[in-house]
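Read the structure below first, then the notes.
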There are 2 protein chains.
Amino acid sequence: MVDYSTSIDVIFRALGEPTRLRMVQELSRGERTVGDLAAPLDMTLAGASKHVGVLEQAGLLTREKRGRERVCRLRSEALHAASEWTAKYSAFWNDRLDALEAAIREENDD
Amino acid sequence: MVDYSTSIDVIFRALGEPTRLRMVQELSRGERTVGDLAAPLDMTLAGASKHVGVLEQAGLLTREKRGRERVCRLRSEALHAASEWTAKYSAFWNDRLDALEAAIREENDD
DNA sequence: GCTATAATCAACCATAAGGTTTAGTATTTC
DNA sequence: GAAATACTAAACCTTATGGTTGATTATAGC
């Protein structure tokens, strides 16, 4: 059982590893087996499997058993949560400028 | 001199640490000295300073010397870059569904 | 000028993280 | 059913990370 209500820092930490970032990029092009993901990475299958586990824990992908393969599929929810979070905090500056302008206008009205 | 053209995984890694995530949230409310950031974290000033350094390296904030204090200010660019990235990859699934639907429609037209 | 304060630097320590190898479990294929 | 394939699990190793302390620098305040 996997927890899909991952906290945002776990998602960021998972994406903060270059290898895993590449995996996510690869998965955005379609579903991939663990072997597919390992192939271009110059890494053992066991190593890749561990990375996939981290991404799964972070809620970034699902792993489905299909025959002897495990098919990985990206989950948009976690990425969307990360997108929302960063969008919220990247907007802070504009908000501050807006507030500043408003304050200046108010001051001039006095 | 700080490199502001940080690669995306460095930004994610910086945000993947709970303490640093809290610092960013705190900074979104306004500029803060390193001491301000350290205070609520039950951590030495030296420790907080190191975290601030990581955030600065990732391009997430700037540190300005003002008297004997260092004033930290969030930089929206890095957060925006992260937002763009996650938005792009969180959209993958809808794109795939759209493509799938289009393919089905086309097939029905034959 | 002395003392206190804010922060960084350097050295160090414990634990986490990224990787490997070796085994082991299903599943496919012949 | 034997052999190959795809993967996971566990043990292990090395390095990175997150934290500390102690010393040092720069500024503020009396």
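Residue numbering restarts at 1 for every chain, and letters A, B, ... go by the order of the sequence lines. We use all heavy atoms of the structure for the numbers below, so side chains are in, but hydrogens, waters and symmetry mates are not.
Remark: C1' of C:dG18 and CZ of A:R22 are 16 Å apart, rounded to the nearest angstrom. The CZ atom of B:R70 sits 14 Å away from the C1' atom of D:dA28 (whole-angstrom rounding). A straight line from CE of A:M23 to C1' of C:dG19 spans 12 Å, rounded to a whole angstrom. We find that CE of A:M43 is positioned 12 Å from P of C:dT21, with the value rounded to whole Å. Atom-to-atom, CG of B:L21 to C1' of D:dT17 comes out at 17 Å; the value is rounded to the nearest Å. Going from atom CG of B:L37 over to atom P of C:dA7 covers 9 Å, rounded to whole Å. As rounded to whole Å, 17 Å separates atom P of C:dT15 from atom CD of B:E17. As rounded to whole Å, 9 Å separates atom P of C:dG19 from atom CG of A:L41.
Electrostatic pairing of A:R73 and A:E64 counts as a salt bridge here, judged by a charged N lying under 4.0 Å from a carboxylate O.
Residues B:L27 and B:C72 meet the side-chain proximity criterion, which asks for heavy atoms closer than 4.5 Å. In this structure, B:D9 and A:E17 have side chains that are not in contact, with every pair of non-hydrogen atoms separated by 4.5 Å or more. Side chains of A:Y89 and B:L21 form no contact here, defined as non-hydrogen atoms less than 4.5 Å apart.
Counting only heavy atoms from C-beta on, A:V34 has its side chain closest to D:dC7 among D:dC7, C:dG19, D:dG19. The listed nucleotides are D:dT20, C:dG19, D:dA6; the one nearest the side chain of B:K50 is D:dT20. Among D:dT20, D:dT8, C:dA7, the nucleotide with an atom closest to any side-chain atom of A:A46 is D:dT8. Nearest to the side-chain atoms of A:R20 among the listed nucleotides C:dG18, D:dA6, C:dA7 stands C:dG18.
Proximity of B:S49 to the phosphate of C:dT8: a side-chain N or O atom is located under 4.0 Å from OP1 or OP2. For the pair B:T44 and D:dG19, the criterion of a side-chain N or O lying under 4.0 Å from OP1 or OP2 is not met. The side chain of B:H51 places an N or O atom within less than 4.0 Å of a non-bridging phosphate oxygen (OP1 or OP2) of D:dG19.
Considering B:R75, B:R70, B:R66 in turn, B:R66 is the only one that fulfils the salt bridge (Lys or Arg N to Asp or Glu O under 4.0 Å) rule with B:E31.
Ring pair B:F12/A:F12 is parallel by interplanar angle, where below 30° counts as parallel and above 60° as perpendicular.
Heavy atoms of A:G47 sit under 4.0 angstrom from at least one base atom. If you check every strand for non-hydrogen atoms under 4.0 Å, B:A48 touches nothing.
Pairing each heavy atom of B:L15 with each of B:V24, the nearest pair is CD2-CG2, 3.9 Å.
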Legend entry - Where protein sits on nucleotides 23-28 of chain C, one letter per nucleotide: B base, S sugar-phosphate only, - none, heavy atoms under 4.0 Å: ---SBB
